[in-house]
Amino acid sequence: MQYWLMKSEPDVFSIDHLAKLPGKTGSWEGVRNYQARNHLQAMKKGDLALFYHSSADIIGVAGIVTIAGEAEPDTFALDKKSIYHDPKATREKNPWVFVRVKYQKKFKEVVTLATLRQTAGLEDMLVLKKGMRLSIQPVTEKEFKIIEKMGSK
DNA sequence: GCCAACGTTGGC
DNA sequence: GCCAACGTTGGC
């Protein structure tokens, strides 16, 4: 059982969007960075992830999702019309994957980036590090629980 | 293999 | 809109 942080721009895909999908389950596609891809591949069904809103009016953790299944090939990479198209990907050699995520809970208030920075115990969080722009990050159980608690108040 | 140029991310 | 930081590309 591992814990993760997944970034999304809420204008594109927010936790509210996810909650409205059939089965409250959506696919997290379009990751085109190898390190982030490796994290997707390491995910197991039942893992929990913080849903992080980036480049938004209110930046921070908006809620929690469950990983609903293991990584599968991201075929948007093969679709020339998709914004996620990768000209180097072929059906035989497609490096990209997606995972299905299920809505778990939305925080009453977003736990903002500014709050995270001020919270004891989160000093080592990757998302707080300067220049860190990895869209899928591991978080520790301790970090996850601290943030879950703050979001549940 | 080096590294400059370029494109993207993401907070401010 | 700005710009620092980072990842990728491509010429050599």
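Every chain is numbered from 1 and lettered A, B, ... according to where its sequence line falls, protein lines coming before strand lines.
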>> Check this for me, if you would: do A:Asp86 and A:Arg32 make a salt bridge, where the nitrogen-to-carboxylate-oxygen distance has to be below 4.0 angstrom?
In response: no

>> Please determine whether residues A:Val139 and A:Ile136 belong to a single hydrophobic cluster, defined as Ile, Leu, Val, Met, Phe, Trp and Tyr linked transitively by side-chain heavy-atom distances below 4.5 Å.
In response: no

> For DNA chain B, what residues of residues 54-65 of chain A have any heavy atom nearer than 4.0 Å?
Replying inline: A:Ser54, A:Ser55, A:Ile59

> Between which nucleotides of DNA chain B, read 5' to 3', does contact with chain A run, using atoms under 4.0 Å from its heavy atoms?
Replying inline: B:dG7 to B:dC12

> With a 4.0 Å cut-off on heavy atoms, is A:Lys88 in touch with a base, just the backbone sugar-phosphate, or nothing at all?
Replying inline: sugar-phosphate

> Of all residues at least two apart in sequence or in a different chain, which pass the ring-ring contact (aromatic ring centres under 6.0 Å, His included) check with A:Phe107?
Replying inline: none

> Does A:Glu29 have any side chain to side chain contact (heavy atoms under 4.5 Å, CB included) partners at least two apart in sequence or in another chain, and if so, which?
Replying inline: A:Ser27, A:Asp74, A:Phe76, A:Tyr84, A:Phe98

> Under 6.0 Å from the CG atom of A:Leu126, do we count more than 12 heavy atoms belonging to anything else shown?
Replying inline: yes

>> Does anything in residues 44-61 of chain A form a side chain to side chain donor-acceptor pair (under 3.5 Å)? List the pairs, not counting sequence neighbours.
In response: A:Trp4-A:Asp47

>> Could you work out, with salt bridge (charged side-chain N to carboxylate O under 4.0 Å, His left out) as the rule, every residue matching A:Arg100, not counting sequence neighbours?
In response: A:Glu72

> Is there a donor-acceptor contact under 3.5 Å linking the side chains of A:Thr115 and A:Gln118?
Replying inline: no

